[in-house]
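Just so you know, these numbers use all the heavy atoms, side chains as well, and skip hydrogens, waters and symmetry mates.
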Amino acid sequence: MVHVLVAGSLFFPGLFLLSKAGLRRLRIFRGDESNTIIVSARLVSSIQAVLASTAGYIVASSCKDVIHDQHWLAATYTRFAVPYFIYDIYAMYLCYRHKHKLKGHSGGWSLTRTYLYKEFLMILHHVFMVAVCFPVSVLWRDGKGDFFLGCMLMAEVSTPFVCFGKILIQYKKQHTLLHRVNGVLMLTTFFCCRLLLFPYMYWVYGQRVGLPLYRVPFNLSPEYNLGAAILMAPQVYWFYLICRRAYTLFRQSVLSQRPKNGHPAPVSTSAKEQDCSQ
């Protein structure tokens with residue numbers, strides 16, 4: 001187990017450094033350290049998401065018995081990905097610091113305190129994944145439920161679209177067709193792979209033990225239902241934020257095309273800056 005954890009500890013920070021070095025060679029990023037760091041962090045998150053969702057699909061599709069079947073990749077990738085969540089807390093701080101640097105804001109402890117406040121839910125999610133989900137998935141399951149662990153890994157399918165959308169907003173491309181298409185894909189994958197995921201897993205378990213969906217929660221131990229509720233709650237909140245932002249951008253797009261005194265109304269820049277700060 002240790003060598004897999006070490007491999008993950010080297011892979012994700014190393015990939016971040018490699019991405020920075022590669023992006024610096026591109027003309028668009030030369031002399032632009034802040035955007036280089038932000039895009040590199042988004043790229044690492046997207047690659048981790050592709051690896052996780054691929055591993056999850058392999059595991060879930062290989063388990064015919066959703067309770068007892070096992071696949072070596074389930075425990076192996078979980079161990080490999082644990083260092084990513086620790087790395088990502090620092091990477092998120094780097095992105096937050098450099099986004100404020102682009103706006104001319106000063107750093108220091110006040111910036112760190114603001115980061116911890118604004119990103120509290122995401123940081124708490126990452127800490128929960130390392131401190132609770134990792135021990136449970138590797139030590140407590142007794143080799144059961146690899147299918148459900150594979151399904152949880154496939155929740156990362158939406159992450160590349162989330163990251164790409166943030167990059168487009170970063171470069172003021174939120175009113176382009178590309179951003180709209182990416183937004184539709186992001187909403188669809190987030191809803192299917194993060195919100196519908198939990199009812200789907202309950203339904204699959206019910207099919208395995210011969211129970212209708214509405215009776216499954218009453219047949220499970222309270223800790224399973226509590227764990228599912230804790231994991232699903234932030235997904236619901238983030239989906240609400242995504243929908244609210246999508247509505248805001250759609251409304252801005254409509255208003256910008258509406259004639260005003262014979263001329264198109266200008267696009268508001270304050271909303272753009274607000275989106276870039278997310």
Side-chain angles (χ1 to χ4, degrees), residues 1 4-5 8 45 48-49 51-53 55-63 65-86 88-89 92 119-159 162 189-242:
M1 180 175 75
V4 179
L5 289 170
S45 295
Q48 192 282 141
L51 293 175
S53 54
Y57 175 78
I58 293 172
V59 171
S61 62
S62 300
C63 296
D65 188 321
V66 299
I67 297 178
H68 297 291
D69 280 0
Q70 298 181 14
H71 194 285
W72 64 270
L73 197 54
T76 301
Y77 190 81
T78 302
R79 295 163 182 159
F80 180 73
V82 164
Y84 164 78
F85 292 100
I86 301 173
D88 196 48
I89 292 175
M92 288 191 302
E119 299 293 342
F120 174 77
L121 184 58
M122 183 64 76
I123 295 172
L124 182 63
H125 169 269
H126 282 27
V127 171
F128 183 81
M129 294 298 291
V130 174
V132 179
C133 291
F134 171 66
V136 167
S137 62
V138 174
L139 304 174
W140 186 57
R141 292 186 305 118
D142 293 328
K144 297 180 180 180
D146 278 10
F147 170 83
F148 298 104
L149 182 56
C151 290
M152 294 295 295
L153 290 174
M154 283 194 288
E156 293 291 333
V157 168
S158 63
T159 300
V162 174
T189 55
F190 198 100
F191 180 75
C192 294
C193 298
R194 290 182 180 262
L195 296 188
L196 291 185
L197 171 68
F198 294 94
Y200 171 73
M201 291 193 296
Y202 273 58
W203 176 80
V204 169
Y205 177 81
Q207 294 296 302
R208 169 63 172 75
V209 298
L211 290 174
L213 177 60
Y214 71 91
R215 291 186 56 188
V216 170
F218 303 102
N219 192 62
L220 294 173
S221 300
E223 57 266 25
Y224 288 106
N225 292 316
L226 177 61
I230 291 174
L231 289 173
M232 187 173 181
Q235 312 303 330
V236 174
Y237 175 69
W238 288 327
F239 185 70
Y240 160 73
L241 293 181
I242 291 173

At what distance, to the nearest 0.5 angstrom, does CD1 of Ile67 lie from CZ of Phe148?
6.0 Å
Is any side-chain heavy atom of Asn219 less than 4.5 Å from a side-chain heavy atom of Tyr205?
yes
For residues Ser53 and Met154, report the shortest heavy-atom separation together with the two atoms involved.
O-CG, 3.5 Å
If I take atom CD from residue Glu156 and atom OG1 from residue Thr189, how far apart are they, to the nearest 0.5 angstrom?
11.0 Å
Can you find a heavy atom in the side chain of Asp146 that is under 4.5 Å from one in the side chain of Arg141?
yes
When every non-hydrogen atom of Cys133 is compared with those of Leu231, the smallest separation belongs to SG-CD2, 4.0 Å
Validation row: Phe218, Leu211 side chains within 4.5 angstrom (heavy atoms):
no
Which distance, rounded to the nearest 0.5 Å, do you find between the CZ of Phe191 and the CG of Leu196?
4.0 Å
Can you name the nearest heavy-atom pair linking Leu149 to Ala74, along with the distance?
CD2-O, 3.6 Å
Start with the C-alpha distance between Val127 and Ile89, add both sets of side-chain angles, then the distance that settles side-chain contact (heavy atoms from CB on, under 4.5 Å), and finish with yes or no.
CA-CA 9 Å; Val127 171; Ile89 292 175; 4.3 Å; yes
Let me confirm one number: the OG-NE2 distance from Ser62 to His71, rounded to the nearest 0.5 Å.
4.0 Å
If you look only at pairs with a residue in residues 191-204, which of them pass as a side chain to side chain donor-acceptor pair (under 3.5 Å), with sequence neighbours excluded?
Ser158-Arg194, Thr159-Arg194, Arg194-Gln235, Tyr202-Asn225
From Ile242 atom CD1 to Trp238 atom CH2, the distance as rounded to the nearest 0.5 Å
9.5 Å
With a sphere of 6.0 Å drawn around OH of Tyr57, does it hold more than 12 non-hydrogen atoms of other residues, nucleotides or ligands?
no
His126 NE2 to Leu121 CG distance, which is reported to the nearest 0.5 Å:
10.5 Å
Does the side chain of Val82 come within less than 4.5 Å of Leu5's, by heavy atoms?
yes
Kindly state each residue pair satisfying salt bridge (charged side-chain N to carboxylate O under 4.0 Å, His left out) with at least one member in residues 204-217, sequence neighbours excluded.
Asp65-Arg208
For Leu213 and Pro199, the nearest pair of non-hydrogen atoms, with its separation, is CD1-O, 3.7 Å
Does the side chain of Phe85 come within less than 4.5 Å of Phe134's, by heavy atoms?
no
Testing the basics here: between Leu197 and Met152, what is the closest heavy-atom pair and its distance to 0.1 Å?
CD2-SD, 3.9 Å
Looking at Phe80 and Pro83, what are the two nearest heavy atoms and their distance?
O-CD, 3.3 Å
Keeping to residues at least two apart or across chains, list the side chain to side chain donor-acceptor pair (under 3.5 Å) pairs with something in residues 76-85.
Ser45-Tyr84, Gln48-Tyr77
